[in-house]
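Okay, so here's the structure we're looking at.
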Amino acid sequence: MLRNMRPILAWMSALLVAVPLGLEAAVSGATGVLGKSSELESCSQVKLRPAGQCGDEEECPYQITLPPMTIQLPKQFRLLEKTMKELQSLKETVRQLRSACLECGQQADESIRRDTSETPTKKDHGRGDSSRSAPSNSSSSNDVIQEMQTKMSRMSNSLKNARNQINTMQVKLDMMNGLSQNVEEVVDRRVANLTGVINKLSSTCSTECAAARSAPQYMIAHRDCSDYSDLKHRINGVYSVTPDVRNDTFEVFCDMESYGGGWTVVQRRVNGAVSFNRTWAEYKKGFGDLQGDFWLGNDKIHLLTKTKDMVLRIELEDFLGVREYAKYDQFYVSNEFLNYRLSLNGYSGTAGDAMHPKHDQKFFTTHDKDNDMYPSGNCGTYYGSGWWFNTCMSANLNGKYYIKRYKGKRDGIFWSTWHNITSEYYPTNYRRAFKTVTMMIRPKTYAP
Ligand SMILES: [Ca+2]
């Protein structure tokens with residue numbers, strides 16, 4: 001702008017020099033002529049007359065009146081006028097801003113003095129708002145400050161509450177620490193006790209478990225007497241066997257000495273101390289004394305014969321001292337659902353085959369359960385025995401135990417192929433009695 005004004009000012013200086021009047025008067029009224037030209041339009045010629053009050057020495061100021069004059073000004077004069085107006089406007093704005101800034105600063109200082117918790121950030125913020133606001137916005141600045149004070153107050157209260165909560169939590173934490181210490185003491189004591197027990201067990205194990213480690217070799221289930229094959233078991237007696245691990249273990253009498261041993265005895269008659277005239281349930285479960293007369297039990301005989309191919313050996317001795325045997329290479333007794341049906345075959349021996357022809361595939365009958373082939377009655381009832389009766393028998397090893405020959409109904413222990421037995425005619429002749437009977441089984445694959 002100054003670059004544009006420079007030729008204008010030079011032109012004005014030349015104009016004033018050209019006026020044929022006192023230089024002082026022209027200079028003093030220069031701006032007035034320019035700003036108030038309309039007031040001078042009535043003057044027709046140049047006049048010089050006193051103006052204002054005169055002093056003591058009558059020195060009065062004089063006013064010069066110029067005739068109407070039209071001067072053609074270049075268009076840049078509009079820029080000058082505009083520039084002057086803009087300058088005046090800027091000056092006024094600066095003045096107002098300065099005034100507003102002073103008032104705002106005073107208010108901010110007062111606010112700072114009222115609010116002891118005021119922060120420098122807030123003060124700067126307040127002044128920043130004021131510097132951008134006119135004096136009329138001071139009330140809004142106060143509102144902002146009050147709002148911030150309210151927020152500060154709320155934050156202060158929140159902080160107080162938080163502090164109270166922290167104190168409460170601290171108290172609880174102290175209590176928890178106390179409890180934790182107690183629990184730790186209890187746990188430590190328990191762990192110490194357990195450690196002692198474990199150490200004790202460990203020391204015990206170090207001396208005794210060596211034998212236990214080798215124990216599984218001897219804990220294989222003995223399915224029957226033939227599984228007791230080691231030398232220390234070569235003695236007749238009662239042993240435990242588990243033919244089927246899904247069923248119970250039970251005791252049997254093992255003949256470990258006769259004919260290679262390994263025999264599981266399922267029936268024996270030696271003294272007649274035990275009656276064999278028993279019910280279905282008794283034959284099912286077994287009865288008698290394993291060391292004397294007994295029936296092992298149909299369920300147990302079934303278990304013993306179902307998992308292995310078994311050989312049946314029957315030993316007979318009469319009171320005359322005659323000893324014979326009958327051996328069957330196949331012997332199997334079905335379960336109770338099939339009425340303990342007998343399967344046997346493959347006879348060999350000296351007593352004759354009194355069993356297979358009439359008793360193979362026959363069901364078991366007792367006096368309270370008639371499964372025989374005799375339609376008019378119960379063979380079990382008639383002969384006082386439980387057996388695989390047909391119509392009714394050619395052998396009955398569960399008959400009555402007679403200690404000597406007898407007459408009448410042949411209800412004693414009977415083996416129809418025994419020597420000279422065909423000469424016993426009913427009812428005149430005596431019946432032969434048997435001193436001992438043994439039925440024992442062994443796996444077909446058994447090798448002594
Ligand atoms: Ca019948």
Side-chain angles (χ1 to χ4, degrees), residues 266-269 272 274-288 293-306 310 312 314 316 326 328 330-347 351-402 406-418 421-422 424-434 437-439 441:
V266 298
Q267 186 260 30
R268 184 163 60 199
R269 316 292 298 272
V274 174
S275 170
F276 275 62
N277 189 10
R278 301 278 184 152
T279 64
W280 179 269
E282 288 172 310
Y283 271 100
K284 168 185 167 69
K285 182 181 179 182
F287 54 86
D293 290 14
F294 70 90
W295 180 257
L296 183 61
N298 288 339
D299 281 342
K300 294 172 185 171
I301 296 171
H302 165 68
L303 290 173
L304 284 164
T305 59
K306 79 167 187 174
M310 286 290 189
L312 171 66
I314 297 170
L316 289 162
Y328 294 90
Q330 178 193 336
F331 174 70
Y332 170 66
V333 175
S334 301
N335 59 23
E336 186 178 21
F337 181 77
L338 295 174
N339 293 319
Y340 304 116
R341 184 174 58 191
L342 173 66
S343 297
L344 86 168
N345 210 340
Y347 167 82
D353 182 10
M355 282 282 281
H356 178 262
K358 279 213 167 187
H359 295 283
D360 179 44
Q361 300 302 317
K362 297 302 177 289
F363 302 105
F364 203 83
T365 289
T366 55
H367 64 78
D368 59 344
K369 193 170 177 63
D370 184 356
N371 295 314
D372 61 32
M373 306 305 289
Y374 183 60
S376 303
N378 183 329
C379 300
T381 303
Y382 185 78
Y383 290 108
S385 167
W387 194 249
W388 297 279
F389 286 109
N390 189 333
T391 57
C392 282
M393 61 163 187
S394 59
N396 175 21
L397 300 181
N398 288 344
K400 189 175 179 179
Y401 186 91
Y402 287 101
Y406 63 98
K407 284 188 176 182
K409 184 171 60 175
R410 183 179 276 150
D411 60 353
I413 297 168
F414 179 60
W415 192 259
S416 62
T417 55
W418 200 255
I421 208 167
T422 54
E424 298 174 357
Y425 296 106
Y426 176 80
T428 55
N429 294 355
Y430 285 99
R431 313 286 185 192
R432 195 181 307 262
F434 287 86
V437 179
T438 301
M439 298 175 65
I441 60 175

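When reading the values below, keep in mind they use all heavy atoms of this one structure, side chains included, and skip hydrogens, waters and symmetry mates. Atoms within a ligand are numbered from 1 in the order they appear, just like the ligands themselves. Computed from a predicted structure; not experimentally measured.
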For the residue pair R269 and Y401, would you count it as a cation-pi contact if the rule is NZ or CZ under 6.0 angstrom from the ring centre and within 45 degrees of the ring axis?
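Judged by the rule (NZ or CZ under 6.0 Å from the ring centre, within 45° of its axis), R269 is not positioned above Y401.
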Distance under 6.0 Å and angle within 45° of ring axis: K369 vs F364:
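Verdict for F364: no cation-pi partner in K369.
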Looking at the Ca ion (ligand 1), which N/O/S atom of D370 is the nearest one?
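Among the N, O or S atoms of D370, the one closest to the Ca ion (ligand 1) is OD2.
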Which atom, among the N/O/S set of D372, is closest to the Ca ion (ligand 1)?
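The Ca ion (ligand 1) is closest to the D372 atom OD1, counting only N, O or S.
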Is the Ca ion (ligand 1) less than 3.0 Å from at least one N/O/S atom of F389?
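Checking F389: none of its N, O or S atoms is under 3.0 Å.
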Would you say S376 reaches the Ca ion (ligand 1) with an N/O/S atom under 3.0 Å?
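No, S376 does not qualify, because none of its backbone or side-chain N, O or S atoms lies under 3.0 Å.
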Would you mind reporting whether W415 and R432 have side-chain heavy atoms less than 4.5 Å apart?
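No, their side chains stay 4.5 Å or more apart.
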Distance-minimising heavy-atom pair for F434 and I413:
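Distance-wise, the nearest heavy atoms are CD1-O, 3.3 Å.
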